2 protein chains.
Amino acid sequence: MTSEERIRKQKELVESTGCMYDKKGFQPTAGRIIGLLTIMDKEQYTFDEIVEELQISKSSASNALNMLEISNIIEYTTLPGDRKRYFQIKKVDKFTLVDEHRSKLKETRDFLNNVLDLKANKNSGNAILIKDLIDMLNYFLDKFEELKKDYLSQK
Amino acid sequence: MTSEERIRKQKELVESTGCMYDKKGFQPTAGRIIGLLTIMDKEQYTFDEIVEELQISKSSASNALNMLEISNIIEYTTLPGDRKRYFQIKKVDKFTLVDEHRSKLKETRDFLNNVLDLKANKNSGNAILIKDLIDMLNYFLDKFEELKKDYLSQK
DNA sequence: TTTTTAGTTCGTTTATTTATAAACTAATAA
DNA sequence: TTATTAGTTTATAAATAAACGAACTAAAAA
């Protein structure tokens with residue numbers, strides 16, 4: 001694969017990151033910025049480079065960058081005697097990805113507990129299914145923490 | 001808790017289900033229908049009952065119900081000599097919830113593998129982080145399947 | 001045959017999101 | 001002092017999504 005080919009593919013992947021994050025409820029521009037800072041070989045971009053690279057307006061860039069910073073997804077460093085900000089993705093903890101899913105499973109379990117509490121008949125079809133789901137979720141939520149420990153000790 | 005209180009709380013929870021599913025990218029109406037069929041003690045609703053209960057137009061109901069049926073989330077039964085459809089939520093397999101999360105983690109791993117493949121320097125800061133994340137995701141994806149077996153045999 | 005029931009389809013309205021351009025600000029450089 | 005840089009803010013335009021009402025259809029009932 002030539003270098004240009006590789007860069008072309010990287011840029012394609014940046015675009016598809018926009019779609020990925022769109023589905024997650026982010027604005028596409030924010031997703032593309034995350035993609036840019038993750039995928040390209042260059043790991044730090046200035047405001048103007050982002051505007052130029054993604055072909056977006058300064059206001060879109062300003063909005064998306066502020067949102068991403070507040071959401072703890074990107075950060076910037078500065079250099080003495082240089083007013084520019086150098087944006088980069090925040091290095092996440094190894095477990096952030098699974099932790100996010102764990103916390104969503106937890107929310108689901110809490111919701112289902114709520115639903116079950118409000119059921120008049122705890123033996124109706126839905127109630128039994130919900131009890132089953134809660135039991136399974138509790139098992140997985142427990143084991144998740146064990147898996148994290150096991151993973152670290154295994155290294 | 002009186003019966004009216006319980007029903008009021010159930011209806012509140014139905015509304016909040018609309019918001020939950022909105023965040024997941026569903027239309028609020030669809031979310032409220034899922035809520036209705038999951039939360040209320042009555043487990044089967046006709047088209048008109050749904051329209052009445054959620055105070056929505058027939059066209060909204062029609063659209064949302066068709067979408068939910070195609071998405072395999074609800075189903076309906078019919079009775080001989082009765083043209084009405086009786087809608088109910090589809091009973092999911094115990095593991096559906098965790099499987100959904102597993103498959104999202106898998107997508108993330110595949111995406112990161114893609115990103116890593118396209119990196120010019122596999123030892124850059126981002127590349128190393130990505131390798132770490134992939135390794136951890138692979139571990140969890142494996143263990144997930146084991147956990148499912150363990151859960152079943154433990155019963 | 002006409003009416004009622006159980007929905008579907010279509011065209012429009014309303015609300016929300018996303019992005020823009022243009023004007024502005026605050027700091028630095030010339 | 002004036003110009004330039006590095007963005008921010010604001011007001012608006014464009015696109016998209018969600019829901020609605022009204023007209024329609026197909027089957028069954030009267």
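Each chain gets a letter, A, B and so on, in the order the sequences are listed, and its residues count up from 1. Only a predicted model underlies this, so the values are computations on that prediction, with no experimental measurement involved.
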Would you indicate which nucleotide in dA22(C), dT8(C), dG21(D) comes nearest to any side-chain atom of S59(B)?
dG21(D)

Side-chain atoms of P28(B) come closest, of dT4(C), dT18(C), dA18(D), to dA18(D)

Round to the nearest Å and state the distance from I56(B) atom CD1 to dG21(D) atom P.
11 Å

Atom-to-atom span, CE of M67(A) to P of dA19(C) - whole angstrom
10 Å

Base, sugar-phosphate, or nothing for N66(B), non-hydrogen atoms under 4.0 angstrom?
sugar-phosphate

Answer yes or no: side-chain N or O of R83(A) and base N or O of dT28(C) forming a donor-acceptor pair under 3.5 Å.
no

When rounded to whole Å, the CZ to C1' distance for the pair F87(B) and dG7(C) reads 9 Å

Just call it for T46(B): base, sugar-phosphate, or nothing, with non-hydrogen atoms closer than 4.0 Å on any strand.
nothing

Walk me through it: do D99(A) and F144(A) pass the test side chain to side chain contact (heavy atoms under 4.5 Å, CB included)?
CA-CA 9 Å; D99(A) 281 342; F144(A) 250 63; 5.7 Å; no

Which of parallel (below 30°), tilted (30 to 60°) and perpendicular (above 60°) describes F140(B) and Y151(A)?
tilted

Using a heavy-atom cut-off of 4.0 Å across all strands, would you classify K58(B) as base, sugar-phosphate, or nothing?
base

Gap between atoms CG and P, on D48(A) and dT8(D) respectively (whole Å):
11 Å

Which one, dA18(D), dA27(C), dG7(D), comes nearest to the side chain of F47(A)?
dG7(D)

d(CD1, I70(B); P, dT8(C)) in whole Å
11 Å

Quickly work out the L68(B) CG to dA18(D) C1' distance and round it to whole Å.
14 Å

Using a strict 4.0 Å threshold on nitrogen-to-oxygen distance, state whether R6(B) and D41(B) make a salt bridge.
yes

Please check if any side-chain donor atom of E43(B) sits under 3.5 Å from a side-chain acceptor atom of Q88(B), or the reverse.
no

Respond yes when some side-chain nitrogen or oxygen of R85(A) is under 4.0 Å from OP1 or OP2 of dA6(D), and no when none is.
no

5′-ward residue of the pair R32(B)/L65(A) relative to DNA chain D
L65(A)

Taking NZ from K84(B) and C1' from dA29(D), how many angstroms apart are they, rounded to a whole number?
13 Å

Which nucleotide wins on minimum distance to the side chain of S57(B), given the candidates dA19(D), dT28(C), dT8(D)?
dA19(D)

Ranking N63(A) and S62(B) by the position along DNA chain C of their nearest nucleotide, the one closer to 5' is S62(B)

Whether N66(B) side chain and S62(B) backbone form a donor-acceptor pair below 3.5 Å
yes

Separation of D22(A) atom CG from dT16(D) atom P, in whole Å?
11 Å

